[in-house]
Amino acid sequence: MDRAMKYALVVSVVLWGASLARSSSISVLKRTEQALSIRNAMKRADYSAECESSFGAAASHTCSSVFVCIPDSLICDGSSNCPDGSDEVGCPDKPAEKPNETKPPAQEKPPGPETPWYDANGCLTTYKDAPYRCGYTCIRKNQFCDGFVQCEGATDEQDCGYGEVDKNGCRRPDHIGKVGAGWQTLKDQVLEAQNYFRCLHGVKALIWDTAAEKFAERLSKNNAAIGRLEHSHGSEYGENVAMQAISKKEYISGYGFAKMWYDEIQFYDWNNPHFASETGHFTQEVWKGSRRVGCGFAEAKDPSGNYMQYFLACEYDPKGNHFDYFPENVVPPI
């Protein structure tokens, strides 16, 4: 293997309980000199369902000898972050370069992007929850057609039905690779994507609200400044927030952000309609009584320095997620 395999270059984070204040943080232990002397005797950091349940896919691994949830991006990154060095154990070795070795020219690399494939002998053994591979990246099954590019050439975002119109006239947005300069294109995309998901439920489209947009921009900038997701307090709006850490801006899309929230539909109990923290973003997004929305973006450097973090906040008016009005406002797909 020519270089160490890495997780996909996307870390998705949403704050459970839309319209409810709750911060999410990840505990990361700094490297210690003691770790370097014992790393070879340790088992490797492994996937932890408890970490993923607490912090999401962004931090689904724990150190071997101490239970500390760490960002997936720190696994096999070439620097020990666990006290025992277990985040750097069992990593595929990089080949040593020979002195004065002439590297092959770029045109001698395999031509074209690689279609993701099930890598039973590589990705599956290194990352049990991300067995698919494209190039040197291991990705999860749910990262296919999620609106965020993991693979060169966006091969993980092909044959996803983008641009197609269903029998009810709902057109799935085609946003991949079209973010443009500044934030306006992404704002337009987020509005279009949320209205697509509302269309799936036969709910009237949202219209843009500039006052809500300004409020959302302040919140997203504040979250970028503190490096984590928080909700506003005492706001008159309903609210959804999210963050993506990714290597290139062109790899994100408005559809991807809106889909992060909409995917909570899988946890919604249609037989007992009510607010729940694990479905609060979805229910606000499709809330029938909400008529207007404004969204704001902000960016910040990831602490690792390898990614950019893109923060999003959307404000809804009238606000949704009223405890007594779920049956008439959160209706099943048509």
Side-chain angles (χ1 to χ4, degrees), residues 1-13 39-65 67 69-82 84-97 104 108-162 176 244-248 251 256 259-260 263 266 304 306-307:
M1 186 173 295
D2 293 332
R3 79 175 79 154
M5 291 181 294
K6 296 289 185 181
Y7 261 122
L9 300 179
V10 175
V11 177
S12 305
V13 180
R39 57 176 295 184
N40 293 330
M42 289 295 163
K43 296 181 180 179
R44 74 183 307 275
D46 203 1
Y47 168 77
S48 167
E50 184 175 350
C51 285
E52 184 165 29
S53 175
S54 299
F55 300 111
S60 61
H61 283 70
T62 181
C63 302
S64 175
S65 63
F67 189 81
C69 299
I70 63 174
D72 298 349
S73 59
L74 300 183
I75 302 292
C76 294
D77 68 345
S79 177
S80 296
N81 299 279
C82 290
D84 54 19
S86 58
D87 57 308
E88 297 300 317
V89 172
C91 301
D93 293 328
K94 294 183 179 181
E97 293 186 4
E108 290 188 18
K109 295 181 179 179
E114 184 177 38
T115 301
W117 51 283
Y118 191 85
D119 184 14
N121 297 320
C123 287
L124 180 62
T125 58
T126 307
Y127 306 112
K128 293 182 291 186
D129 56 329
Y132 297 92
R133 178 180 174 182
C134 54
Y136 300 102
T137 300
C138 299
I139 64 175
R140 301 178 177 90
K141 184 176 182 180
N142 63 7
Q143 290 178 304
F144 288 87
C145 298
D146 67 346
F148 297 102
V149 175
Q150 280 77 243
C151 303
E152 181 183 352
T155 54
D156 55 303
E157 295 296 318
Q158 295 180 359
D159 301 321
C160 300
Y162 296 139
I176 303 302
Q244 280 285 342
I246 198 165
S247 61
K248 297 180 181 180
Y251 286 173
K259 187 176 184 296
M260 286 169 62
D263 282 349
Q266 63 186 304
S304 70
N306 297 322
Y307 310 103

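The basis for the numbers below is simple: all heavy atoms, side chains too, and nothing from hydrogens, waters or symmetry mates.
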**Request:** State, with a plain yes or no, whether a side-chain heavy atom of Asp119 is found less than 4.5 Å away from one of Leu124.
**Result:** no

**Shortest non-hydrogen contact between Lys259 and Cys145, atoms and distance** = CE-O, 3.6 Å

**Asked** Looking at CH2 of Trp117 and OG1 of Thr155, how far apart are the two atoms once the value is rounded to the nearest 0.5 Å?
**Response** 13.0 Å

**Fill in**
In short, Ala130 meets Cys138 closest at the heavy-atom pair O-CB, 3.5 Å

**Item:** Distance in Å, Thr126 OG1 paired with Asn121 CG, rounded so as to fall on 0.5 Å steps
**Value:** 10.0 Å

**Asked** Does a side-chain heavy-atom distance below 4.5 Å link Met260 with Phe148?
**Response** yes

**Request:** Would you check if there is a donor-acceptor pair between the side chains of Glu157 and Tyr162 at a distance under 3.5 Å?
**Result:** yes

**Complete:** OH of Tyr127 to CZ of Arg133, rounded to nearest 0.5 Å, is 11.5 Å

**Asked** Judged by atom type as modelled, is there a donor-acceptor pair below 3.5 Å linking the side chain of Thr125 to the main-chain atoms of Gly122?
**Response** yes

**Message:** Measuring only between side-chain heavy atoms, which start at C-beta, is Thr137 closer than 4.5 Å to Cys151?
**Reply:** no

**Prompt:** Under the 3.5 angstrom rule, does the side chain of Gln150 hit a backbone N or O of Ile139 as a donor-acceptor pair?
**Reply:** no

**Minimum heavy-atom distance between Val149 and Ile176, given as atom pair plus value** = CG2-CG2, 3.8 Å

**Item:** Closest approach of Cys63 to Ala45 (non-hydrogen atoms, all atoms of both residues)
**Value:** CA-CB, 4.2 Å

**Exercise: identify the closest heavy-atom pair between Tyr307 and Ser247** = CD2-N, 3.8 Å

